[in-house]
Amino acid sequence: MIPGMNPRQRKQMERQMKQMGMKMEDIDGVEEVIIRCSDKDIIISPADVNIMNVMGSETYQITGKSREVEREVVLEINEEDIELVSNQAGVSKEVAEDALKEAKGDLAEAIMKLSQ
């Protein structure tokens with residue numbers, strides 16, 4: 001529940017929580033928790049996880065050592081965009097695709113760079 005709490009304090013806290021309609025339990029066997037964000041992952045390992053249920057609403061408490069890992073964003077360029085840039089700039093599809101990747105998918109920027 002709370003690291004470093006002696007058994008007597010823990011029992012006392014559990015009784016008070018029960019009187020208030022709160023229930024807290026540990027999840028056993030958790031090795032790590034991964035929180036996925038749009039640009040990074042937060043990895044908590046080793047992790048201790050508790051669930052607290054208060055009037056039907058569950059709250060998860062995670063304790064442990066965390067680290068952040070940047071995620072590589074995969075850019076998807078569709079064939080229509082490549083063809084549009086190729087036609088507008090008067091270049092091959094391969095060159096148009098490279099320009100779109102360099103411009104991170106921005107059609108106008110890719111066309112402008114190829115037209116210069």
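When all heavy atoms of Leu114 and Ala89 are compared, the closest pair comes out as CB-CB, 3.6 Å. Of all non-hydrogen atoms in Ile77 and Asp81, the two that sit nearest each other are CG2-CB, 4.3 Å.
Ion pairing of Lys65 with Asp48 is absent here, as no side-chain N (NZ or NE/NH1/NH2) approaches a carboxylate O to less than 4.0 Å. Using a cut-off of 4.0 Å between Lys/Arg side-chain N and Asp/Glu carboxylate O, Lys93 and Glu79 are scored as salt-bridged. Using a cut-off of 4.0 Å between Lys/Arg side-chain N and Asp/Glu carboxylate O, Glu14 and Lys18 are scored as not salt-bridged. We find that Glu70 and Lys40 are not joined by a salt bridge, their nearest charged nitrogen and carboxylate oxygen being 4.0 Å or further apart. Residues Arg71 and Asp41 are paired through a salt bridge, judged by an N-O separation under 4.0 Å between the basic side chain and the carboxylate.
Transitive grouping of hydrophobic side chains (ILVMFWY, heavy atoms separated by less than 4.5 Å) keeps Ile51 and Ile34 in distinct clusters. When the side chains of ILVMFWY residues are joined at heavy-atom separations under 4.5 Å, either directly or via intervening members, Ile27 and Met22 end up in two distinct hydrophobic clusters. Met17 and Val54 fall within a single hydrophobic cluster, where Ile, Leu, Val, Met, Phe, Trp and Tyr side chains are chained together by heavy-atom contacts under 4.5 Å. Under the 4.5 Å side-chain heavy-atom criterion for ILVMFWY residues, a single connected hydrophobic cluster contains both Val95 and Val85.
Counting only heavy atoms from C-beta outward, the side chains of Tyr60 and Val33 never approach each other to under 4.5 Å. The shortest side-chain heavy-atom distance between Ser115 and Ile111 falls under the 4.5 Å cut-off. Taking the side chain as every heavy atom from C-beta outward, Met52 and Glu25 never approach each other to under 4.5 Å. Within the 4.5 Å cutoff, side-chain heavy atoms of Leu84 are placed close to those of Gln88. Contact check for Gln61 versus Met24: side-chain heavy atoms found under the 4.5 Å cut-off. Side-chain contact check for Asp26 versus Val49: every heavy-atom pair is 4.5 Å or farther apart.
Within a 6.0 Å sphere centred on CE of Met20, other residues, nucleotides and ligands contribute more than 12 heavy atoms. Around atom CD of Glu31, no more than 12 heavy atoms belonging to other residues, nucleotides or ligands sit under 6.0 Å away.
For the atom pair CG of Leu100 and CD of Glu109, the computed distance is 10.0 Å after rounding to the nearest 0.5 Å. With rounding to the nearest 0.5 Å, the separation of CD in Glu68 from CD1 in Ile35 is 10.0 Å. Atom CD of Glu32 and atom CD1 of Ile62 lie 11.5 Å apart (nearest 0.5 Å). The NZ atom of Lys113 lies 12.0 Å from the CG atom of Asp98; values are rounded to the nearest 0.5 Å.
Listed for the Ser86 side chain is a donor-acceptor partner under 3.5 Å among the backbone atoms of Val91.
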